[in-house]
Amino acid sequence: MATDAPYDCLIVGGGPAGLTAAIYLARFHLDIHVVDAGNSRASWIPCSHNHAGYPDGINGKELLRLMREQAQKYGAKIETARVHRLDKDEDGLFTAEWGAGPQRARTVLLCTGLTNRRPPMDPELHDDAMAHGLIRYCPICDGYEITDKKVGVIGSGKGGVGEAIFLRSYTADVTLIAPDSALELSPEERAKLDAAGVKCVDGPAEAVGVTGSCITVDTAHGLLTFDSVYPALGSDTHTQLGEMVGAKVAEDGCFVCDDKMRTTVEGLYAAGDVVHGLDQISHAMGEGGQAATTIRNDLAAKSPLWREPVEVPAANETERQTMQVGE
């Protein structure tokens, strides 16, 4: 059993939401701990060009490094590990378990995010293709970079159709490829794709190689070559820890939260991609700031967070009085 004094807040996840919250909470003079498994989607980004304040773009790993450094500057403790269990006792305290053993916290902020489903391909090839912009996952983030290029979308249903039509505003050359077999489209979806001039190709689709600045996909129509491919295969939201303590999850797989980032469990908060909303760095950071401020105010409502007087060393006190007399 954990015996140490509980943290004011345990943050699970060290992406943009979790690290923004850590900066806020540390500057609120709260005792916090961040546990991060190291799988933030932001770390995948070769260079983000739509994150405000970086006119020439910034690498995702570098952005996270700077945010960690800023949080640690104010006293935030950050540990690389995976929390595998979360409980809540009758006194309202949470107990989380990871490599360090069970640790208690008065509040918990879940910034555990989600994972995009990948197309079937060699993992090393996938990561190399991502690093060179041949595979992309966020048209809102980087659609600008494929302006007037040849683009493939691997997906079907509402997600695939929606992404293909969204990308049509960046380029005239968009092909929707079924991930498994034949594209299954409703008459309405087919009409939308036809109106947008999106080409449709049956699968199965498998990225088989990278040649120079292009990526090749094997389809039922043979090998097709693109400048970039967007997998639109859905994602898996990481809500398991919250569900362990009874947090409600909506139909879209995200935590149900109020506008202050409180989940349905008292003392449990969520921010970032694990909450319904725009899956963007800027949005996650805003939610992290909101969650941190709510946590601070909720804790203060239960027990005032008054700052204790700081004793001034005798030498400094004499100097201060001398200055006041001189004034």
Side-chain angles (χ1 to χ4, degrees), residues 1-15 17-38 40 64 67-113 238-247 255 257-258 260-272 274 287-313:
M1 295 295 294
T3 56
D4 294 338
Y7 297 116
D8 290 316
C9 183
L10 172 68
I11 301 173
V12 185
L19 292 175
T20 298
I23 293 167
Y24 275 59
L25 289 166
R27 287 173 55 84
F28 288 147
H29 292 298
L30 295 178
D31 183 20
I32 67 168
H33 196 90
V34 180
V35 181
D36 176 37
S40 170
L64 294 176
M67 294 182 73
R68 285 193 297 269
E69 182 179 308
Q70 186 172 352
Q72 289 169 328
K73 176 181 179 180
Y74 296 106
K77 296 178 285 290
I78 302 176
E79 180 178 352
T80 301
R82 181 181 296 278
V83 177
H84 58 83
R85 184 176 179 84
L86 185 65
D87 295 293
K88 187 179 182 184
D89 63 28
E90 295 179 354
D91 296 325
L93 287 177
F94 294 91
T95 299
E97 295 184 22
W98 67 91
Q103 301 290 325
R104 297 182 300 162
R106 298 169 67 192
T107 63
V108 173
L109 172 58
L110 296 179
C111 302
T112 41
H238 305 306
T239 58
Q240 295 89 343
L241 292 174
E243 292 180 77
M244 288 180 185
V245 293
F255 285 121
C257 291
D258 67 10
K260 301 296 185 182
M261 314 316 298
R262 301 182 184 95
T263 72
T264 54
V265 174
E266 185 178 358
L268 182 70
Y269 307 78
V274 78
E287 290 182 343
Q290 175 65 78
T293 305
T294 303
I295 290 167
R296 184 265 173 216
N297 291 341
D298 286 352
L299 287 172
K302 293 180 178 180
S303 178
L305 301 174
W306 308 141
R307 187 75 172 169
E308 295 298 326
V310 177
E311 291 187 10
V312 180

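For reference, positions follow the sequence shown, starting with 1.
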Open item on the list: Taking the side chain as everything from C-beta on, heavy atoms only, tell me whether Cys9 gets closer than 4.5 Å to Leu30.
Closed with: no

Open item on the list: I'd like to check Val265 versus Val108 (side-chain heavy atoms, cut-off strictly below 4.5 Å). Are they in contact?
Closed with: no

- [ ] Look at Asp298 together with Arg262 and state whether they make a salt bridge at an N to O cut-off of under 4.0 Å.
- [x] yes

- [ ] Can you see which heavy atom on Ala247 is nearest to which on Leu268, and at what distance?
- [x] CB-CD2, 3.8 Å

Task: Where Met244 and His84 come nearest, the two heavy atoms and their spacing - done: CE-O, 3.4 Å

Task: Residue Glu243 excluded, over 12 heavy atoms near CD under 6.0 Å - done: yes

Task: Residues in side-chain contact (heavy atoms from CB on, under 4.5 Å) contact with Lys73, at least two apart in sequence or another chain - done: none

Open item on the list: Please determine whether the number of non-hydrogen atoms from other residues, nucleotides or ligands lying under 6.0 Å from atom OH of Tyr24 exceeds 12.
Closed with: no

- [ ] Kindly determine whether Gln103 and Thr95 satisfy side chain to side chain contact (heavy atoms under 4.5 Å, CB included), including the steps that lead there.
- [x] CA-CA 5 Å; Gln103 301 290 325; Thr95 299; over 6 Å; no

- [ ] Of all the heavy-atom pairs spanning Ala96 and Leu10, show the shortest one and how long it is.
- [x] CB-CD2, 3.4 Å

Task: Validation row: Tyr7, Leu25 side chains within 4.5 angstrom (heavy atoms) - done: no

TODO: State, to 0.1 Å, how close Cys257 and Ala270 come at their nearest heavy-atom pair, and which atoms those are.
DONE: SG-CB, 3.9 Å

